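Structure record follows, encoded as structure tokens.
Note that the numbering runs from 1 along the sequence shown for the chain. Quantities reported herein were computed from a predicted structural model and do not represent experimental measurements.
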Amino acid sequence: MDGGKIRIMIVDDQSLLRRGLAALLNRNPDMEVVAEAGDGEEALRVAAEADPDVILMDVRMPVLDGVAATRELVRRGCRAGVIILTTFDDDEYIFEGLAAGARGYLLKDAEYEELSQAIRTVASGESLLQPQITTRVLKEFSRLSSMAASRPKPQALAEPLTERELEVLRLMASGASNQDIAAALYIGLGTVKHHVRAIFGKLGARDRVHAVLLAQELHLV
């Protein structure tokens with residue numbers, strides 16, 4: 001971060017949307033929109049120059065779509081966390097985006113404060129899904145799992161989750177943030193982060209989204 005501000009890049013093929021979003025986000029004292037791009041191919045070039053902390057990535061764009069751009073950014077070692085902006089019509093992109101390395105999904109009709117908090121969450125190194133999207137992800141994952149009859153059964157965990165870790169995991173699966181979990185379980189934020197790290201370690205998960213998907217496969221949520 002430059003001067004303590006979160007450096008943001010907006011990638012969308014609609015220039016009016018980019019400018020409007022930039023104007024809103026720049027009102028936050030801890031944020032600065034440092035770059036924009038109109039398609040995924042341009043995003044690859046601009047991201048290398050601007051070095052953002054967070055990239056807001058549209059899905060449906062010409063030249064190179066958001067999922068392909070995210071996959072290539074991750075392959076190139078881009079340090080920015082990508083939040084894919086989606087609509088309820090973009091279900092087919094969700095799993096592709098997760099596999100590509102996106103750290104979050106957010107509906108395009110999200111409230112301003114929700115978007116701002118999502119950016120702060122990803123900038124801090126965490127990942128997120130809105131509760132509405134989490135539900136859709138888990139339902140689709142269940143459907144795909146039931147179709148894969150020949151798929152090998154997941155192996156049991158070498159070290160099982162504790163009851164408290166299961167509580168935290170179930171709240172994560174509902175889309176709750178660390179702050180939400182702390183409030184729900186009446187525990188400190190540091191304690192929540194400790195449990196989340198333990199869950200990642202036991203599941204072999206790279207982030208919250210991956211942890212929820214693995215938990216679904218293991219029938220833990």
Donor-acceptor side-chain pairing of E32 and N26 below 3.5 angstrom: no
Backbone of L24 reached by a side-chain donor or acceptor of Y112 within 3.5 Å: yes
Heavy-atom donor-acceptor pair, D39 side chain to E41 backbone, under 3.5 Å: yes
Closest approach of M57 to A69 (non-hydrogen atoms, all atoms of both residues): CE-CB, 3.9 Å
Min side-chain heavy-atom separation I84-T70 under 4.5 Å: yes
Salt bridge E126-R103, side-chain N to carboxylate O under 4.0 Å: no
Residues K108 and D12 bridged, charged N to O under 4.0 Å: yes
Side chain to side chain contact (heavy atoms under 4.5 Å, CB included) assessment of L64 paired with L44: CA-CA 10 Å; L64 191 67; L44 298 179; 3.9 Å; yes
A50 versus V34, closest heavy-atom pair with distance: CB-CG2, 4.3 Å
M31 side, atom CE; R27 side, atom CZ - distance, nearest 0.5 Å: 12.0 Å
Verdict with reasoning, L157 to L218, per side chain to side chain contact (heavy atoms under 4.5 Å, CB included): CA-CA 9 Å; L157 297 178; L218 291 165; 3.8 Å; yes
E49 atom CD: more than 12 heavy-atom contacts under 6.0 Å: yes
R60 and D65: CA distance, side-chain angles, deciding distance, salt bridge (Lys or Arg N to Asp or Glu O under 4.0 Å) verdict: CA-CA 6 Å; R60 300 181 182 184; D65 66 51; over 6 Å; no
Working for side chain to side chain contact (heavy atoms under 4.5 Å, CB included), residues H195 and T191: CA-CA 6 Å; H195 289 314; T191 303; 3.6 Å; yes
Check: V192 main-chain N/O paired with N178 side-chain donor or acceptor under 3.5 Å: no
Identified side-chain contact (heavy atoms from CB on, under 4.5 Å) counterpart of L56 within the set V82, L25, V33: L25
Nearest atoms (heavy-atom pairs only) where V54 meets A80: N-CB, 4.3 Å
N-O pairing of D51 and R79 below 4.0 Å: yes
Residues R170, L220; criterion side chain to side chain contact (heavy atoms under 4.5 Å, CB included); working and verdict: CA-CA 8 Å; R170 287 166 187 146; L220 297 174; over 6 Å; no
Ion pair E72/R76, N-O distance below 4.0 Å: yes
E113 backbone acceptor or donor facing Q117 side chain under 3.5 Å: no
Close side-chain approach of L21 to L115, heavy-atom, < 4.5 Å: yes
Separation between CG of L107 and CD of E114, rounded to the nearest 0.5 Å: 8.0 Å
Validation row: L17, D58 side chains within 4.5 angstrom (heavy atoms): no
Residues which pass side chain to side chain donor-acceptor pair (under 3.5 Å) with T121, listed by chain and number, not counting sequence neighbours: none
Heavy-atom pair of closest approach, residues P160 and E165: O-OE1, 4.4 Å
